[in-house]
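Both ligands and their constituent atoms are indexed starting at 1 by order of listing.
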Amino acid sequence: MLKQLTSLAFLLSSGLAHATVDYHIDLSTPQHHLGKVTMILPSGDTQATVMMPVWRTGKYKILNLANGVREFEAQDSNGRGLTWQHNDKSSWQISNPSGGEVTISYKIYANQLGSRTRHIDDSHAFLDATGVFMYDPTRRDEDISVKLSVPNTWKSFSGMEKKSAHHFVADNYDILADSPIETGINQDYSFSHDGKDYQLVIWGEGNYDAEKMAKDLEKLVATSQNTWQGYPFDKYVFMVHATSDVRGATEHINSTIIQRKRFSFTPGKEYLSFLGTAAHEFVHTWNVKAYRPDGIATYDYQKENYSDLLWISEGSTSYFQNHLLLQAGLMKEKEFFKSLAKRIDSHLKKPGRLEQSVNASSHESWIAMSGDFATNHSVGIYSEGFMASLALDFQMLEDSKLVAGYTELHGELYKQHLLPKPFNSDDVKRLAKSLTGKDYNNWWRDNVEAPLVIDFKTLLSKAGLVYGYPKKAKDIPETGFSSREKNGLVTLTRVRKDSEAWAAGLNVGDQLMAINGQRVTKSRLPTVLKQHKVGDTVTLSLFRRDRLVEKTLILAKQKDKKPFVKPVKTPSAEQKAFFKAWLGIDFPSKEKKDDNKELSDEE
Ligand SMILES: [Zn+2]
């Protein structure tokens, strides 16, 4: 017995077997957005380094998460203070002469709700570990344990294994970093499907119907096996923040955090948008969490992790989200077509699509700008990645004579490239070839490595669909700029490249005062424009950095109605078969086509 104890003590002190890094966060006074973190490193070296990540998973941007740390301290196992240095912005080096256990403590300021990194207030805490818990890079593979001290009324949730009400454990820091904790005053629901357990946790009041939400999420999760065979999780947690001023969502290994404005869960269009987000994040559980491109397979938390294939991780996820909703019966065909038409319209109106490839956009993700430059000179990994996925899906379906498409390719990525085995461009091309028998090198060069150009008429006709404007749509004057009201003034927010506004030399930030001497406001702008015809030349009076300038603009034309995607009246057997192979549902029947009437009353 004594011998056993001795050997156990040796194993523990040498840190060889199942060493555990213990974390504790004290949230007992959460009202000032502060938590007190304690981290215990097992015995080890005489020097220890702990780091805070500079980015968090799911958002490919440098966030410098060490910026909320205060009162850093380190002690040895006897409670004696250890000397340390704050080496660079994100790392602390501790001198530990005895090599024994080290207790590190610090305060963390958490008031970044919208960034989905860390938020602590008197009603809850959302803790993404990358913004809260430091790590010792030499101990990333060791077990972790997280205990929380929280107010009595709070409940805690995470994708991690739960040991008790406020205690979670995981096999390593990477799981902790990708398993945020939601703790607070919240509602929770649970359901099971196909042997897997699901939880829905909602923080905040809002106009949602939580029970319906849980039922619909159950329908959603039931569709996953149409694409992937198997699950990378035993339990999955949908976390929802119904709050103010923020929206967005982030995927994690076996959980997601979805933020929405509290009164944006109805009407139906808004609810469908929530379900779309939930579907997107759920797709990520496979695409980017279970299989990942080279470059982001093992996260380096201290710098940018480059990949040319983020368009697959994000764009393909956007592409598949509506497929899941359709198959789950949560989205009607007409809603699917409407969403597709909107995406095509916005793609065609984005001048940057002719300047940047999805490949380059992926690589540049870490430094991507928003605003004017993004629209005119860039494409996004989400929207353009969606289009590249659509194009590849149709190409594969055609090449394989409907045997396999992009869905099957993702099924194979899951089968053949489960982490830690990443995939690269050659792997995707190899899989496409193995599924279709065709070589994809030229296709890849022309559509992924070069700006993507799609002939939507030809493409959609394969599935028996048409894209166009209603016959009743009329040409009305267009300026080429977008604007919003700021301090009562019409302020330009976009000037589309190669538009008439571009030719006139208008700039983002210009404040439009009058057109041909007629005062304009945001609400009056359409009325003033209606007084003119397409082709008219008008004089704009603008303030540019507080100086009055005049510019001459020729009015171009645009349609007064939105474009549609809809099924043809008499589809061929080939078109019907293509549609079924593409979406996994039947071509819309006559009755359903009538349902699509509101998109257009012609054709
Ligand atoms: Zn995403």
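- The environment of CD in Gln225 is crowded: more than 12 heavy-atom neighbours from other residues, nucleotides or ligands sit within 6.0 Å.
- Sorted by chain and number, the protein atoms of type N, O or S within less than 2.8 Å of the Zn ion (ligand 1) are His280 NE2, His284 NE2, Glu314 OE1.
- Asn254 and Lys235 share no side-chain donor-acceptor pair at under 3.5 Å.
- Look at Lys350 and Glu384 and you find no salt bridge, because none of the NZ, NE, NH1 or NH2 atoms lies under 4.0 Å from a carboxylate O.
- Donor-acceptor pairing under 3.5 Å is recorded for the side chains of Thr250 and Arg116.
- Salt-bridge annotation for Lys562 and Asp345: absent, with no side-chain N of the basic residue lying under 4.0 Å from a carboxylate O of the acidic one.
- Other residues, nucleotides and ligands place no more than 12 heavy atoms under 6.0 Å from the NZ atom of Lys433.
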